[in-house]
Amino acid sequence: MLLTRTPYDKEQTVIGGAGAAFDVMRAVQAGYAVVIQDVRGRFASEGEFSPHFQQLCDGADSIAWAAGQPWSTGVVGGFDGSYLGCTQWLVARDNPNSLGAMASTVAPADAL
């Protein structure tokens with residue numbers, strides 16, 4: 001199961017378009033479940049947006065939720081870049097049990 005978290009509106013974000021590093025539709029066709037989530041306080045997510053601040057706890061909660069879904073194998077991989085890649089690095093430093101892999105692009109690992 002693959003997860004990415006975005007501040008850019010999950011309904012409008014083009015992931016896997018021409019030139020993209022990750023093709024969501026190809027992953028789905030290969031049998032992966034894919035979750036694209038608006039981060040707290042952005043678009044369909046409630047709360048107040050505080051860039052980067054909530055990503056550790058919220059990301060860990062999202063990974064645990066995704067891993068526990070009946071359509072999930074229990075192992076979650078993160079993907080995509082820029083702010084979406086930062087959401088992966090921030091939660092990865094706490095090594096959540098269900099996080100099995102990350103494919104983070106154009107995102108610093110040590111910015112925060």
Side-chain angles (χ1 to χ4, degrees):
M1 113 70 14
L2 303 172
L3 168 70
T4 195
R5 304 179 63 250
T6 180
Y8 306 122
D9 189 0
K10 70 177 189 263
E11 299 298 329
Q12 301 300 316
T13 301
V14 177
I15 300 174
F22 188 82
D23 186 334
V24 170
M25 292 312 297
R26 188 171 179 187
V28 170
Q29 290 168 345
Y32 288 92
V34 178
V35 173
I36 302 171
Q37 178 188 49
D38 290 325
V39 297
R40 185 192 309 194
R42 300 293 289 164
F43 302 96
S45 288
E46 297 177 351
E48 185 176 328
F49 181 58
S50 180
H52 302 290
F53 181 72
Q54 301 113 328
Q55 301 315 321
L56 175 60
C57 293
D58 289 357
D61 288 346
S62 295
I63 290 168
W65 172 85
Q69 296 306 300
W71 37 260
S72 175
T73 63
V75 178
V76 177
F79 69 94
D80 227 316
S82 190
Y83 192 99
L84 290 71
C86 289
T87 67
Q88 295 170 55
W89 282 109
L90 289 167
V91 72
R93 63 186 185 182
D94 272 9
N95 197 24
N97 290 337
S98 297
L99 182 62
M102 292 180 1
S104 176
T105 59
V106 295
D110 62 354
L112 302 171

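As a basis for the values below, the full set of heavy atoms in this structure was taken, side chains included, without hydrogen atoms, waters or symmetry mates. The structure presented is a predicted model; accordingly, all values stated were derived computationally and were not measured.
- Minimum heavy-atom separation, V76 to A66: CG2-CB, 4.0 Å.
- Looking at every heavy atom in both residues, I63 comes nearest to S98 through CG2-CB, 3.9 Å.
- One finds the CE atom of M25 at 8.0 Å from the CG atom of D23 (value rounded to the nearest 0.5 Å).
- For the side chain to side chain contact (heavy atoms under 4.5 Å, CB included) test, residues two or more places apart in sequence or in another chain that qualify with V28 are V24, V34.
- W89 and A107 make their closest contact through NE1-O, 4.0 Å (heavy atoms, listed as atom of the first residue, atom of the second, distance).
- Screening V106, T4, I36 for a side chain to side chain contact (heavy atoms under 4.5 Å, CB included) with L84, the sole residue that qualifies is T4.
- Annotation: side chain of S82 is not in contact with side chain of T105 (no heavy-atom distance under 4.5 Å).
- Screening residues 31-44 for salt bridge (charged side-chain N to carboxylate O under 4.0 Å, His left out) gives K10-D38, R40-D58 as the qualifying pairs, with residues at least two apart or on separate chains.
- With no hydrogens or angles considered, a side-chain donor-acceptor pair links S62 and Q37 at under 3.5 Å.
- The side chain to side chain donor-acceptor pair (under 3.5 Å) check on T6 picks up nothing, with sequence neighbours excluded.
- Atom CZ of F49 is separated from atom CD of Q54 by 8.0 Å, given to the nearest 0.5 angstrom.
- Shown here is D61, whose CG atom has more than 12 heavy atoms of other residues, nucleotides or ligands within 6.0 Å.
- With sequence neighbours excluded, the residues satisfying side chain to side chain contact (heavy atoms under 4.5 Å, CB included) with Q55 are R5, V39, Y83, T87, L90.
- Residue C86 holds its SG atom at 11.5 Å from CG of D80, rounded to the nearest 0.5 Å.
- Pairs engaging residues 64-78 under the side chain to side chain donor-acceptor pair (under 3.5 Å) rule: none recorded [sequence neighbours left out].
- Criterion: ILVMFWY side-chain heavy atoms under 4.5 Å apart, direct or through other members. Under it, Y8 and F43 are not part of a common hydrophobic cluster.
- Under the 3.5 Å distance criterion, the side-chain polar atoms of D94 are left unmatched by any main-chain donor or acceptor of P96.
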